[in-house]
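Per chain, numbering begins at 1; letters A, B, ... match sequence-line order. Here the structure is a predicted model, which means the values were calculated and not measured.
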2 protein chains.
Amino acid sequence: MADSNQQTDEMLANERDIRARLGDHPFDFDSLHVISNIYRAAATIRRRAEREVLADYNLSWGGFTILWVLWIWGEMETANLAAECDLAKGTLTGMVSTLEQRGLVERERMANDRRRVTVSLTDEGLTTIEDVFPNFNAFEAEMSADLDTDEKRMAAELLRRIITRHEG
Amino acid sequence: MADSNQQTDEMLANERDIRARLGDHPFDFDSLHVISNIYRAAATIRRRAEREVLADYNLSWGGFTILWVLWIWGEMETANLAAECDLAKGTLTGMVSTLEQRGLVERERMANDRRRVTVSLTDEGLTTIEDVFPNFNAFEAEMSADLDTDEKRMAAELLRRIITRHEG
DNA sequence: GCCATATCGTTCGGTTCCAAACTATCGCTC
DNA sequence: GAGCGATAGTTTGGAACCGAACGATATGGC
């Protein structure tokens, strides 16, 4: 009992010390909150998407993204596909292999440059993404339902400024 | 050459088909762009943070987050720490073990309930996070440097609305 | 033509992460 | 006070992911 109180006292003292320590320095809390909220929102979105939408189709976030990009852009070289999906090329190789084994995409080595490989949707891949995407888009709408249209566009624009500054 | 043109033609035709297919349905592009930009921004931020800031201290994003949370909040039970770090509790176990082996945090089984475990910073963990955090915060500022203060607060608020709706 | 260099995709080793199964402990009920 | 749900942390199995090293192919200079 006395032990437990002592623990609590120590904890409170610790917290005061720590807050004082943080207060000492002119940290940039506005930047901190933007960055940490971006990360937390992304993690929440991904977990929920995989559980509530993609699990029904046995797709991971990355697998879905690959199908989506191939759907929008058509046949693509591996390097471009990796860039578009925002994945390391080594990561992409494995995931494309998985999708290929499941018959959703196919690889083809280019005739004029044998180093290059293109990836494209199979018929089954096409029907899959056509099936998944409406559900995924409904999920996206639900996730952002507390924002009105202007706010969504604002958020997208602010994020775009962060992304493009640091990718280009 | 004719082969290459044929490929290009096929690709263009594919793209037209696909765009037409997308155009057929009333998809919610505003929601789509918010969600995909959140995810892409988060991935960019994490990769750069790990490479440019955390690698010097041999910390992963998750490891850094644990140290940071313990710094701010002091000694915490495992379950609360997992929630605060936005990690599955099983994930936390492994990462705390790693940090413990490196002498940055320590575990203690609670006396009044032997199931519970508290985690806290060691002295070395404290000096580490005191050393890392200013650099990390500078990195956060750099990542969001194209946003002015109002825009940062706006972005943080919009993201908070997405997070809280779907975590609470 | 031939070697040096650059550029593809893949492979490899390691970490992060989750969900589900498991173990140990607690608290409640009879 | 013995059993039986509930709860806390750990273990397990597997996927995703990165960076670096690798092998194969193309290209340019000599």
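- The nucleotide range of DNA chain C contacted by chain A, defined by atoms under 4.0 angstrom from heavy atoms of the protein and reported 5' to 3', is C:dA6 to C:dA19.
- Separating the CD atom of B:Glu77 from the P atom of D:dT7 is a distance of 14 Å, rounded to the nearest angstrom.
- For the pair B:Arg116 and D:dT7, the criterion of a side-chain N or O lying under 4.0 Å from OP1 or OP2 is not met.
- Between A:Glu50 and A:Arg114, the one whose closest nucleotide on DNA chain D sits nearer the 5' end is A:Glu50.
- Salt bridge present: B:Glu151 and A:Arg161 bring a charged side-chain N and a carboxylate O closer than 4.0 Å.
- Between B:Asp148 and B:Arg153 there is no salt bridge, since none of the side-chain N atoms of the basic residue sits less than 4.0 Å from a carboxylate O of the acidic one.
- Within a heavy-atom distance below 4.0 Å of DNA chain D, no residue of residues 62-69 of chain B is found.
- You'll find the side chain of B:Asn137 reaches within 4.5 Å of the side chain of A:Leu32, heavy atoms only.
- Nucleic acid contact for A:Thr78: sugar-phosphate only, since backbone atoms but no base atoms lie under 4.0 Å from a heavy atom of the residue.
- Side-chain proximity of A:Ser60 to D:dG9, D:dA16, D:dT25: nearest is D:dA16.
- With A:Phe133 as reference, A:Trp71 is the one residue of A:Tyr57, A:Trp71, A:Phe139 to meet the ring-ring contact (aromatic ring centres under 6.0 Å, His included) rule.
- Spacing between atom CZ of B:Arg48 and atom C1' of D:dG19 amounts to 17 Å, rounded to whole angstrom units.
- Taking a cutoff of 4.0 Å between a charged side-chain nitrogen and a carboxylate oxygen, A:Glu142 and A:Arg48 qualify as a salt bridge.
- Looking at heavy-atom distances under 4.0 Å, A:Arg46 makes contact with sugar-phosphate atoms alone, never a base.
- Using a 4.0 Å cut-off between a side-chain N of Lys or Arg and a carboxylate O of Asp or Glu, A:Asp86 and B:Arg47 qualify as a salt bridge.
- Taking atom CD of B:Glu108 as the reference point, atom C1' of D:dA8 lies 16 Å away to the nearest angstrom.
- Look at CG on B:Leu87: it is 15 Å from C1' on D:dG9, rounded to the nearest Å.
- Put simply, CG on B:Leu54 is 14 Å from C1' on D:dC18, counting in whole angstrom units.
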Might you list the N or O atoms of the protein lying below 3.5 Å from N or O atoms in nucleotides 4-6 of chain D, with each pair's distance?
none

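- Taking 4.5 Å as the limit, every side-chain heavy atom of B:Trp73 sits out of range of all side-chain heavy atoms of B:Leu81.
- Checking A:Thr118 against A:Arg109 by side-chain atom types alone, no donor-acceptor pair falls below 3.5 Å.
- Each of B:Thr91 and A:Lys89 was matched to the nucleotide of DNA chain D holding its nearest heavy atom; the match closer to the 5' end belongs to B:Thr91.
- Rounded to whole angstrom, the span from the CE atom of A:Met110 across to the C1' atom of D:dA26 amounts to 13 Å.
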key: side-chain contact (heavy atoms from CB on, under 4.5 Å) between A:Ser120 and A:Glu106, intermediate numbers included   = CA-CA 6 Å; A:Ser120 57; A:Glu106 55 194 0; 3.7 Å; yes

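- Nucleic acid contact for B:Leu92: none, since no nucleic acid atom lies under 4.0 Å from a heavy atom of the residue.
- For the residue pair B:Lys89 and B:Thr78, no side-chain donor N or O sits within less than 3.5 Å of a side-chain acceptor on the partner.
- At least one side-chain heavy atom of B:Val34 sits less than 4.5 Å from a side-chain heavy atom of B:Ile162.
- Between D:dG9 and B:Thr93, no contact under 4.0 Å exists linking OP1 or OP2 to a side-chain N or O.
- Aromatic rings from B:Trp68 and B:Phe136 are positioned such that their centres are separated by 6.0 Å or more.
- B:Met95 has its CE atom 16 Å from the P atom of D:dT11, to the nearest Å.
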